[in-house]
Amino acid sequence: MVAALNGALAGLRVLDATHALAGPFCTQLLADHGADVIKIEPPEGDFFRRTGPHTPDDSVREYGGLFQFCNRNKRGIVIDLKRPEGREVFGELAGRADALVENYRAGVLDRLGLGFDALSKRNPRLVYTSVRGFGDHAGGTSPYIDWPAFDIVAQAMGGWMGMTGPDADHPTKVGGGLGDTVPGLMAAFGTMAALWNARITGRGQYVDVAMVDTVLALSELLTTSYAYTGVSPRPIGNGMPGMAPFGTVATKDGAIAIAAVHDPQWVELCAVMQRPDLVGDPRYASEKGRWENRAALQAEIEAFTRSRTKAELTDLMGARVPFGPIYTAQEIFADPHFSARDMLPEIEHPGSSTPVCVAGVPAKLSATPGGVRRRAPLLGEHTLEVLREIGMSDASIGRLLESHAIAVHRSERPGG
């Protein structure tokens with residue numbers, strides 16, 4: 001797939017005053033669909049720049065794979081918000097933007113005179129989004145508002161870890177940084193909802209996203225179980241309470257996931273295994289019976305799967321029962337599905353002669369598709385370009401550079 005020159009959000013300008021993963025992932029989703037996202041960094045840069053992995057031939061290490069993962073399609077500038085001249089430049093940019101996303105600790109930008117109240121006076125249409133561990137005052141003041149948070153904290157307190165793992169004694173984090181990226185996704189949704197309202201009313205608003213709230217909102221088993229029965233779900237491995245067969249089974253060379261819970265799926269699985277006797281077995285004749293006898297059922301299924309490879313089982317089960325081989329990264333990169341869906345596009349990486357793959361854009365729009373159009377920015381790569389776009393003269397830019405209120409990448413300096 002070739003990305004359109006203008007995605008669905010072309011013409012939208014977003015200021016990205018974020019760092020790490022949750023905030024940058026939010027703004028990258030907007031950038032993927034055509035928004036002009038301007039990443040504003042302090043002189044030392046987003047600390048995620050220093051986080052790997054790095055390719056073996058990366059000779060400059062401008063940034064690592066994690067920074068590339070959540071900052072592609074953006075332009076990058078440097079502003080020192082500790083300096084009054086820098087804060088004025090920030091305010092000028094906010095006055096011309098449609099949205100601002102930040103994930104500093106609560107109150108940091110307010111103390112600098114750059115919070116929602118101050119900026120909305122300057123730009124009443126501005127949508128101001130914050131992503132914090134426990135939110136801000138706008139959505140309800142948490143007793144933990146000043147606590148720092150990372151992915152694992154959100155997963156722990158939002159409910160995922162208490163339900164995930166082999167048993168109650170071994171709570172387990174969900175793989176990847178979902179305690180960051182899912183809040184980023186919710187922040188992007190909230191930002192777009194507020195932008196739609198601003199389009200109608202001419203007024204912006206505050207979008208307050210808490211990481212821990214987002215994890216709870218996606219914990220459907222936890223909320224429904226406790227609200228309806230008073231029972232707190234506990235970890236049961238890869239299964240789902242009341243459902244069998246549902247989970248993972250061993251194979252000759254790894255494991256597969258299978259979910260043949262309902263009667264038509266169960267009958268089809270028995271046909272695949274050439275075990276019609278199991279259909280008539282009274283232990284497995286109902287969904288309730290299959291759940292109550294799940295240990296014996298697991299043994300019956302693994303007697304079939306353990307003598308076959310994942311590839312062999314794919315040929316037997318694909319398109320017949322809900323099934324999926326449990327892939328390694330190497331297997332994902334080799335699978336034709338992800339190539340057909342453009343989910344591993346290549347992008348250049350500074351300092352490396354070899355392009356790298358990044359995760360593609362999952363929401364496929366038919367008329368205005370999003371896409372990966374450019375790599376993540378170098379630190380201060382677009383400072384001059386952006387400030388000239390808002391009408392700032394070279395003389396004014398020069399004074400800001402001399403005062404260290406702004407900075408440019410070394411390639412932008414005379415003789416750089």
Engineer: Is any side-chain heavy atom of Glu62 closer than 4.5 Å to one of Arg375?
Structural biologist: no
Engineer: Do side-chain atoms of Lys74 reach the backbone of Pro377 as a donor and acceptor pair under 3.5 angstrom?
Structural biologist: no
Engineer: Using side-chain heavy atoms (C-beta onward) and a distance below 4.5 Å, is Glu389 in contact with Arg75?
Structural biologist: yes
Engineer: Does Ile152, at its CD1 atom, have more than 12 non-hydrogen atoms belonging to other residues, nucleotides or ligands within less than 6.0 Å?
Structural biologist: no
Engineer: Counting only N and O atoms by type, is there a donor-acceptor contact under 3.5 Å from the side chain of Asp180 to the main-chain atoms of Phe150?
Structural biologist: no
Engineer: Are the side chain of Arg373 and the backbone of Asp32 linked by a donor-acceptor contact shorter than 3.5 Å?
Structural biologist: yes
Engineer: Please determine whether a side-chain nitrogen of the Lys or Arg among Asp263 and Arg290 lies less than 4.0 Å from a carboxylate oxygen of the Asp or Glu.
Structural biologist: yes
Engineer: If we ignore hydrogens and angles and just use 3.5 Å, is the side chain of Thr305 paired with the main-chain N or O of Ala250 as donor and acceptor?
Structural biologist: yes
Engineer: Taking atom types as modelled, find out whether Ser353 and Asp57 have a side-chain donor-acceptor pair closer than 3.5 angstrom.
Structural biologist: yes
Engineer: We want to know whether Asp136 and Tyr206 form a side-chain donor-acceptor pair, criterion being a heavy-atom distance below 3.5 angstrom.
Structural biologist: yes
Engineer: Would you call the rings of Tyr284 and Trp266 parallel, tilted or perpendicular, taking 30° and 60° as the class edges?
Structural biologist: perpendicular
Engineer: Is a side-chain donor or acceptor of Thr172 paired with a backbone partner of His170 at a separation under 3.5 angstrom?
Structural biologist: yes
